[in-house]
**Student:** 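Sharing a structure below in structure tokens format, with a few things to ask.
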Amino acid sequence: MQNTIPLSAEFYAQPVVEVAQALLGKKLIFGEQAGIITETEAYRGADDPASHAFRGKTKRTSIMFGPPGFSYVYLIYGMYYCLNIVTGVEGQASGVLLRGLLLPTVHLDGPGKLCKYLGITKEHNAYNLTQDTKFCVTAGSQLSLRYQSTPRIGIKKATDKLWRFVIDKEYLDFSLHA
DNA sequence: CGCGCGATTGTA
DNA sequence: ACAATCGCGCGT
């Protein structure tokens with residue numbers, strides 16, 4: 001069915017803030033699991049001190065400088081993995097952190113819990129999400145939805161950027177009770 | 001080459 | 001408020 005086609009490299013090639021907003025309501029597929037993306041954050045290497053890539057390309061962040069549509073999975077606080085999707089054009093680092101996912105039975109809040117529940121680890125770093133129907137994002141419901149923009153969570157730099165995007169609670173409640 | 005600290009979370 | 005826990009990357 002149409003809905004199983006991975007979002008294209010062209011989609012991810014858009015500016016990171018736009019992609020972060022556009023990913024809300026889309027469906028993340030990982031193995032046999034699938035859920036609706038409810039919360040994202042945008043990170044941009046060029047002018048965003050909160051981004052891992054702000055200080056330039058390193059072994060860890062090199063994936064963020066690569067082509068759009070690839071996974072960037074990193075370990076945080078020695079115990080949690082976080083999943084990002086590389087965006088924008090190759091050579092200019094940016095990516096979207098996935099922070100919330102609505103599954104048929106649970107709503108996962110927080111990037112660490114999201115990866116822990118799905119089983120995403122460093123083994124899933126640097127995957128091309130535009131070529132694999134078992135690890136990708138698809139169009140989802142296509143319903144228009146409301147979301148809020150807020151400062152990003154857990155950072156001390158660039159807190160003026162309202163680059164965290166969350167689907168409205170009312171809309172979430174509707175989905176949960178539908 | 002050593003060491004401080006982080007895009008987090010659960011528990012006190 | 002704070003511990004758990006470890007690899008990255010800055011500074012020496």
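Chain identifiers are assigned alphabetically (A, B, ...) following the order of the sequence lines, protein sequences preceding nucleic acid strands; residue numbering begins at 1 within each chain. Source: prediction; values computed, not measured.
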**Student:** Donor-acceptor pair, A/Ser62 side chain versus A/Lys59 backbone, under 3.5 Å?
**Tutor:**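 Such a contact is found between A/Ser62 side chain and A/Lys59 backbone.
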**Student:** Just the rounded figure in Å: distance from P of B/dG10 to OH of A/Tyr117.
**Tutor:**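 One finds 14 Å between P of B/dG10 and OH of A/Tyr117, rounded.
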**Student:** Hey, can you pull the residues of residues 86-99 of chain A with a non-hydrogen atom under 4.0 angstrom from DNA chain B?
**Tutor:**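 The answer is A/Leu97, A/Arg99.
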**Student:** What residue pairs, at least two apart or across chains, pass salt bridge (Lys or Arg N to Asp or Glu O under 4.0 Å) with a residue in residues 99-108 of chain A?
**Tutor:**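 Listed by first then second residue: A/Glu39-A/Arg99, A/Glu41-A/Arg99.
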**Student:** Does DNA chain C take part in any stems of at least 3 consecutive Watson-Crick or G-U pairs (both distances under 3.5 Å), and if so, which ones?
**Tutor:**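 In DNA chain C, stems of three or more pairs: B:1-6 with C:6-11, B:8-11 with C:1-4.
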**Student:** Looking at B/dA7 and A/Tyr74: do their rings stack (centroid distance under 5.5 Å, interplanar angle under 30°)?
**Tutor:**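 No.
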**Student:** What is the distance, to the nearest angstrom, from the NZ atom on A/Lys116 to the P atom on B/dG10?
**Tutor:**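 Rounded to whole Å, this separation is 7 Å.
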**Student:** Do A/Leu101 and A/Ile36 come within less than 4.5 Å of each other through their side chains, counting heavy atoms only?
**Tutor:**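 They are not in side-chain contact.
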**Student:** If hydrophobic clusters are built from ILVMFWY residues whose side chains come within less than 4.5 Å, do A/Ile167 and A/Leu97 share one?
**Tutor:**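 Different clusters.
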**Student:** For A/Lys57 and A/Ala53, indicate whether the former's side chain and the latter's backbone hold a donor-acceptor pair under 3.5 Å.
**Tutor:**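 No, A/Lys57 side chain to A/Ala53 backbone: no donor-acceptor pair under 3.5 Å.
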**Student:** In plain terms, say whether A/Asp48 and A/Arg152 are close enough for a salt bridge, that is, a side-chain N and a carboxylate O under 4.0 Å apart.
**Tutor:**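 Yes, this pair counts.
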**Student:** Quick check on A/Lys26: does its NZ atom have over 12 non-hydrogen neighbours (other residues, nucleotides or ligands) under 6.0 Å away?
**Tutor:**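 Yes - once you tally the heavy atoms of other residues, nucleotides and ligands closer than 6.0 Å, there are more than 12.
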**Student:** Could you give the distance separating B/dG4 and C/dA3 at their P atoms, to the nearest angstrom?
**Tutor:**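 Between the two P atoms, the distance is 16 Å.
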**Student:** Are A/Val96 and A/Ile153 connected in the hydrophobic side-chain network, where two residues link if heavy atoms are under 4.5 Å apart?
**Tutor:**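 In one cluster with A/Val96: A/Ile153, no.
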**Student:** Show which side-chain atoms of residues 70-88 of chain A pair as donor or acceptor with protein atoms under 3.5 Å away, not counting sequence neighbours.
**Tutor:**
unit_1	atom_1	unit_2	atom_2	d
A/Ser71	OG	A/His124	O	2.7
A/Ser71	OG	A/Ala126	N	3.0
A/Ser71	OG	A/Tyr127	N	2.7
A/Tyr72	OH	A/His52	ND1	2.7
A/Asn84	ND2	A/Tyr72	O	3.1
A/Thr87	OG1	A/Ser94	OG	2.7

**Student:** Just the rounded figure in Å: distance from P of B/dA7 to CZ of A/Phe165.
**Tutor:**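 Rounded to whole Å, this separation is 18 Å.
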**Student:** Taking only the C1' atom of each, what is the distance from C/dC2 to B/dC5 in whole angstrom?
**Tutor:**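 Looking at atom C1' only, C/dC2 and B/dC5 are 15 Å apart.
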**Student:** Quick one: does any side-chain atom of A/Glu90 pair with a main-chain N or O of A/Gly66 as donor and acceptor, under 3.5 Å?
**Tutor:**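 No, the answer is negative, given that no donor and acceptor are paired below the 3.5 Å cut-off.
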**Student:** Using the P atom in both, what is the distance from C/dG11 to B/dA7, to the nearest Å?
**Tutor:**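 Between the two P atoms, the distance is 16 Å.
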**Student:** Rounded to whole Å, please give me the gap between CD in A/Glu41 and P in B/dA7.
**Tutor:**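 My rounded result for the distance is 10 Å.
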**Student:** Does any residue of residues 146-160 of chain A have a heavy atom under 4.0 Å from DNA chain B, and if so, which ones, in number order?
**Tutor:**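 Result for residues 146-160 of chain A: A/Ile153, A/Gly154, A/Ile155, A/Lys156, sorted by number.
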**Student:** Only one of A/Thr138, A/Leu23, A/Leu129 clears side chain to side chain contact (heavy atoms under 4.5 Å, CB included) with A/Leu7; which?
**Tutor:**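 Running side chain to side chain contact (heavy atoms under 4.5 Å, CB included) over A/Thr138, A/Leu23, A/Leu129 with A/Leu7 returns exactly one hit, A/Leu23.
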**Student:** Indicate for each nucleotide in nucleotides 4-12 of chain C, in 5' to 3' sequence, whether protein heavy atoms under 4.0 Å reach the base (B), only the sugar-phosphate (S), or nothing (-).
**Tutor:** BBBSSSS--
**Student:** Can you name the nearest heavy-atom pair linking A/Leu114 to A/Leu98, along with the distance?
**Tutor:**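 That would be CD1-O, 3.7 Å.
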**Student:** Under 4.0 Å, heavy atoms only, any strand: does A/Lys113 hit a base, just the sugar-phosphate, or nothing?
**Tutor:**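 Sugar-phosphate contact only.
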**Student:** Let me know the distance between CD1 of A/Ile120 and C1' of B/dA7, rounded to the nearest Å.
**Tutor:**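 The answer, rounded to whole Å, is 15 Å.
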**Student:** Does any donor atom in the side chain of A/Arg44 or A/Ser51 lie under 3.5 Å from an acceptor atom in the other side chain?
**Tutor:**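 Their side chains do not contain a donor-acceptor pair, so the 3.5 Å distance test is not met.
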**Student:** What is the distance from OH of A/Tyr43 to C1' of B/dT8, rounded to the nearest Å?
**Tutor:**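 Distance, rounded to whole Å: 11 Å.
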**Student:** Between A/Thr61 and A/Met64 (side chain of the first, backbone of the second, donor and acceptor by atom type, cut-off under 3.5 Å), is there such a pair?
**Tutor:**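 Not confirmed, A/Thr61 side chain does not pair with A/Met64 backbone.
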